[in-house]
Amino acid sequence: PIKVINANGNNLYITAERIQSHETIQLPVKHEVLNNQGEVAYRLIIDLDVTQFSKKTNTAFNFALMTSITITALAMMLAIFVFRRSVIQPLDALSTHIKAVRSDSNRLDKQCDVSGNKEIRALAMTFNEMSAELASMQKQLHSLAYSDSLTGVANRLNFYNRIEGMTGNSRRRDDEGFALYIIDLNKFKEVNDEHGHDVGDYLLQVVVERIIEALRESDIVARLGGDEFGVLLPGLTSQSDVSQVANKMINIVEQPTFINGVRLTPSLSIGIAFYPVTASSIDILIKSADNAMYEAKRDNLGYIISSSQTQK
């Protein structure tokens, strides 16, 4: 529709009115016509139908809005994925590794292989370094607790634990048992008194190496204190076998050795007992072998096999 209005506001011309519906959108456009004096002579009012333009504009706006929402959602999902992959998952892996180490200290020397961002990798590297140090300290403490610092073989505590374990296994499996040797290095005090403790310490190391040379890999050697040693031989229960091992051990150990220019010829006194033939009690078993060792030392016999159970 078009309207022409004069300066006084009177309608000069009006076209027929267009039938409008509630879906029709019209935009009135006004234009003023001036006279020679620059005053408004007429006003032209045109109602433009912008329904289609509005619909297309709304469609474009909705498309732009949905596109923006979709891109934002995808960006957030990508950010969450990257964050989870670079932070959450590596932290979860590190947490799982830490829990495993707490439940089993033997896993301290196992490295945690964690990827992720630079900070997470630095954290994992620091934890691995700390774990390695703790594993090293644990091994040192274990060595101090269960090994002899001079010779490197088992100490008394470790030896007794091994005996308890072997007696338990023997009872559960109903196997033949094992042989126990208690060994004393003859005249060791004289070596220390005459040549000093450095020579005595070196002699102990030589004797241990030679004892090990006479044994199997499965046999257990321990320094029980001073110049006394213990040996466990699993599955060795016949007198002929233990005698053969004892003779071999004595012959190897008695080979002359030179320490700081001093010629020494070490010798052994050995007491032997069988589990469970000699005794089924650990204390009595050890006492039986110990008494046999002192008897061999007293009579200069090399070794003696305990013949009967010894009472406490």
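Quick note: residue numbers are just sequence positions, from 1.
For the pair Asp219 (side chain) and Leu215 (backbone), a donor-acceptor distance under 3.5 Å is absent. Panel note: side chain Glu295, backbone Ile304; no donor-acceptor pair is recorded below 3.5 Å. Proximity of a side-chain donor or acceptor of Arg223 to a complementary backbone N or O of Gly226 within less than 3.5 Å is detected. A donor-acceptor pair is defined here as one N or O able to donate and one able to accept, closer than 3.5 Å; such a pair exists between the side chain of Asn158 and the backbone of Tyr146. Side-chain atoms of Arg162 do not come within 3.5 Å of backbone N or O of Ala222 as any donor-acceptor pair.
Of the N and O atoms on the side chains of Thr59 and Asn62, not one donor lies less than 3.5 Å from an acceptor on the other residue.
Cluster annotation: Leu301 is not connected to Val242 through the hydrophobic network of ILVMFWY side chains, with a link wherever side-chain heavy atoms come within less than 4.5 Å.
Of the residues listed (Ile211, Val221, Val245), the one engaging Tyr181 in a side-chain contact (heavy atoms from CB on, under 4.5 Å) is Val245, and it is the only one.
Between Arg43 and Asn6, the shortest heavy-atom contact is NH1-O, 4.1 Å. Between Leu285 and Ala279, the shortest heavy-atom distance links the atoms N-CB, 3.7 Å. Here the closest non-hydrogen pair linking Ser269 and Met293 is O-CG, 3.3 Å.
The structure places CD1 of Ile305 at 3.5 Å from OG of Ser243, a figure rounded to the nearest 0.5 Å. Note: Ile182 CD1 to Asp290 CG = 6.0 Å, rounded to the nearest 0.5 Å. Leu264 CG to Gln255 CD: the interatomic distance, rounded to the nearest 0.5 Å, is 14.0 Å.
Using a 4.5 Å cut-off on side-chain heavy atoms (C-beta onward), Lys30 and Leu44 make no contact. Proximity of Lys189 to Glu194: side-chain heavy atoms (C-beta onward) are nowhere separated by under 4.5 Å. Put simply, the side chain of Val153 does not reach to within 4.5 Å of the side chain of Ser147, judged on heavy atoms. Inter-residue side-chain proximity for Asp198 and Tyr202 is flagged as unmet; no heavy-atom pair is nearer than 4.5 Å. You'll find the side chain of Pro266 stays beyond 4.5 Å of the side chain of Glu254, heavy atoms only.
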Side-chain polar contacts of residues 63-76 - donor-acceptor pairs under 3.5 angstrom, sequence neighbours left out - could you list them?
from  : atom 1 : to    : atom 2 : distance (Å)
Thr67 : OG1    : Phe63 : O      : 2.7
Thr70 : OG1    : Met66 : O      : 2.8
Thr72 : OG1    : Ser68 : O      : 2.7

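Looking at Asp283 and Lys287, no side-chain N of the basic residue comes within less than 4.0 Å of a carboxylate O on the acidic one, giving no salt bridge.
Counting heavy-atom neighbours within 6.0 Å of Asn260 CG, excluding the residue itself, gives a total of 12 or less. Open room surrounds OH on Tyr42; 12 or fewer heavy atoms of other groups in view lie less than 6.0 Å from it.
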